[in-house]
Amino acid sequence: MLMWQILLGISATYSQTTITGHVYEDKEPVFAANVFLAQHRCVNTITNEDGFFSIEVTDSLHTDTLIVSYLGYKDYKIPLTNWKEPCIISFTLSQSTTTLSEVVVIADPTASKEFAASQLDKTAIYMTPAAGADPLRAVALQPYSTSTEESANPQLRGSSSNYSRVVINGVPIKNPVRNQQLNSIGNFSLFSADIVGKEFVYPSNPPLEYGNSIGGIVALNTTENLSVKHETNLSLSLANAGIFHATQINDKSFIQVYGNRQMSEPYKWLNGSSLNYLDNFASTDGGLNFRTTLSNKSYINGYAYVVKESYRAECGMYNNLGMQDAKNLRNFDILNYRLHSSHGVLGVNAAWDMTNSNYYYGAISDTTRQRNVFVSASYKHYFPKGVTISIGADYEHNSYHYHGAYPTSIYEIENIVSAHYGKGNIDYNKYEAYTYAKWLIGDFILGASVREISQVGAKPRWSYQANVKYNLSRKSSLIASCGQYNALSLPNYFVRQVANATSRQMSVDWKSNLTARCEVSSAIYWKKESLPLYLLSDTGYQGVDNSILGIELSGKYTWSALEWSVSYSYLNARMKYQDKTFTSGNDFKHMAKLMMSYLNPKILNVSVSCLFRGGLPYTPIVSSNSVPLYANLNSERYNNYFTLDLSINRFFRIGKVGVVPFVTITNITNHANQQYLYYSRDYDQQFVKLYNKRLLYIGCSVRL
Amino acid sequence: MIKQSFISVLFFLFCNIVAFGSCLQEGEKSFQVKIDDSLELALHKKTVEPLANVEQSLSSKKGNIWSYWQAYLWMCKSVYFASEQQDSEAKENLEAGINLLNQVHNKTTEDYALLGYMQSQYIRYTKGMESGILSVKSKRNANKSVKLDPNNIRGWVVLGIIDFYTPKQYGGKEKCESYLLKAIGLPSQNIVNKYRPSWGKVEAYSLLLAYYNGSDQKDKVRQYYQMAIKEIPNEPSLKKYENQ
């Protein structure tokens, strides 16, 4: 097995960029590897005995491809992009005894990655034990995550998870978490970290290239190449048995396949008192990702996923405490095509997404069928003088059908007798088109974009944004962004229609690598959201305006095998409803995160994470007279939320097999974090449902 | 055949010392030049010390690339000892280089070319069937070199050398022209790298001119001489063809 790590540090000096890096073979530095530009071979260097190289590239050559060549291994090609941030790229070079055929690494065609708040790769996700090897849970540990649910669904800079968007290879995926039931439990995402190549997070002012999103975007790119020719991983834990296999079929193609079976019995047995509300959960899922290189300029990638899940647990809502029983069958398939030319990239995407779900709770007996077809095309062109322009268009067809029995009133969920039969169909088509331009001028990167959203029978709506990134020095940068964004809210049980949502946002992000070991960042942002919300009424949704002001401060320090990261967020969220201003439901005021990791594969990998946030507001019911009477909107608060989690794993080698047992303990201090209230039948008594108390989770993964 | 092989080795080593300039990175000496300069000095001063000093600097280095240069250095030492009529030491050094290259896992195109070349030189120290076996091995390794990288000049040069010095009755001198023509059409290095070998151009031209001269093809001698001096001006081994 050969794995190369090339650490690229990129610094900009006027019209030139110095690309520096290290080349490794396994963990050994590679000496005398050739590093040069494909179209301009006079621009070349070699690695020294530490595997280090430094090469000057003028900006006019940014459309060229960097080649790393070492005798005995396949050349590795990296198309130069307009990256201005340090990034880590891992390469795998497979030896060929017959020919040195080329494997081309083609970068994602997104033009706006410089404006991402953070970039994660598979290594970073796995090296964060608290993330549980979940690409979306890894986002929750970042400073810009304002998640107030114990869910993998991204909540970014104060926006609801209903409006954040997860995009895979340029295709938006709705409901990206498991058990996305009525109360969005969604502890884990649908995605395996093993297939993730890169992850970009845009917590505010997300690029309009990806689509309209008012709640930020998490963009996942599947892996571009395998680090080893064949890999098989088995995992077994209290709640999951899984297998992952990846294989390089030939020089041009690889495939990754995975499957999991989740069950609740052993997990419940070990954590009985903390999971006394849970009856059972089960799921079976499988995914397949393949990539084939058609030529040295083009490739096709396909990703298919299917999951069948069920969840049965006690749930309180209004004056009902009963068992909710949810079943879900989901399948999505994504196909991507990329074609590179010397000056541009063409991308075509197609996707299919279907969900069949059943939900039973009290008088609710709901069957919902959702179908989604998505097609998009985009082209990015690199002009001289550091100008990039991209254009694109997409079409989306959505179909939402439901039928079942529903309570007459939301306050009579338990009253099966008075339930009525209902059904409905929502079908809509959406067309969007965008254009994006970026200009590199010395230490500045300027970006601007416009996107139109059209629906038949509705007026077109326009979104626009502008970004400026300034490299203050080689180590620090400043990004200022603003824009107006439009989105469509998805139908749900309370709001069975598609409604418009808009947001105006401004943000300033600053990041600096103070030293090689210390990184600090800060941000200030403001959002004004106009959203359709179900709000204390039987008559449908109401429009509310949310105003969010937030400040983030974070720091990370690495010393040898130890890493500390700490972040603090202040959030002030106000809601305007019927000309009155109230506290918003997500106004937690203060949130602090602390994570300490000790990563030493020879001894132990330990991670401790701690999260504190202010309690969320809620609207109490003060009395009842057949219909509950509410106090002022969001006038009370739940208690402050606190959790302390511990993750431990250790790598063992038994012959050729790698074994990693792990232990995770969440909420070590058994803090009683209040999640929601429910009431007795006549609303006389109030009860509190807590988030999970202390949970112990153990398991083991085996690499064959 | 053996003497001619020895002379050709001596020639190409001398020639590389002079003709390496085009492969150097600006202001820096390549490792090959360092070894070739040491051989020139050793032959001039009639002491192995300059080569021994380079060998000393290699002793602490690990990795395939340094194994290559160690083997190359041993070949240069073999040339030195052969020039001093010390056949035993010459044979020992060739043998050490061949053994070292044989032990290299994941041999590269350069490793195979050098191994094939050193094996072809070692033939003069063998007899009978052993010579035949070694001849086959050297040719097989040279073929592996070009198969791994058809653009490696050194693989084609070694094939040309082997065929040139194989007697006609054993099937030699049939393909050397095409091998050497292929070689002179290739660059000394696909991409400049001071730690990578760059020999081959001089000996390709030298042998090709020798082949044409030996088969009395004067026109081709003149034609390829002109080409050679454009690529490698002031190359001493080519001077004798100046007035052809």
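No experiment lies behind these values; they were computed from the predicted model shown.
- Under a cut-off of 6.0 angstrom, the local environment of CZ in A:Arg41 is crowded, with over 12 non-hydrogen atoms contributed by other residues, nucleotides or ligands.
- Interatomic distance, OH of B:Tyr195 versus CG of A:Asn48, reported as 8.0 Å (0.5 Å rounding).
- With sequence neighbours excluded, the residues satisfying side-chain hydrogen bond (donor to acceptor under 3.5 Å, both in side chains) with A:Asn289 are A:Gln256, A:Asn301.
- B:Asn193 places a side-chain N or O within donor-acceptor distance of the main-chain N or O of A:Ala32, the cut-off being under 3.5 Å.
- In this structure, the portions of B:Asn190 lying under 4.5 Å from any heavy atom of chain A include both its backbone and its side chain.
- Taking CZ from B:Arg196 and CD1 from A:Ile46, the interatomic distance works out to 9.0 Å, rounded to the nearest 0.5 Å.
- Scored by the salt bridge (charged side-chain N to carboxylate O under 4.0 Å, His left out) test, B:Lys34 finds no partners at all (sequence neighbours excluded).
- Atom CG of A:Asn34 is separated from atom CD1 of B:Ile191 by 6.0 Å, given to the nearest 0.5 angstrom.
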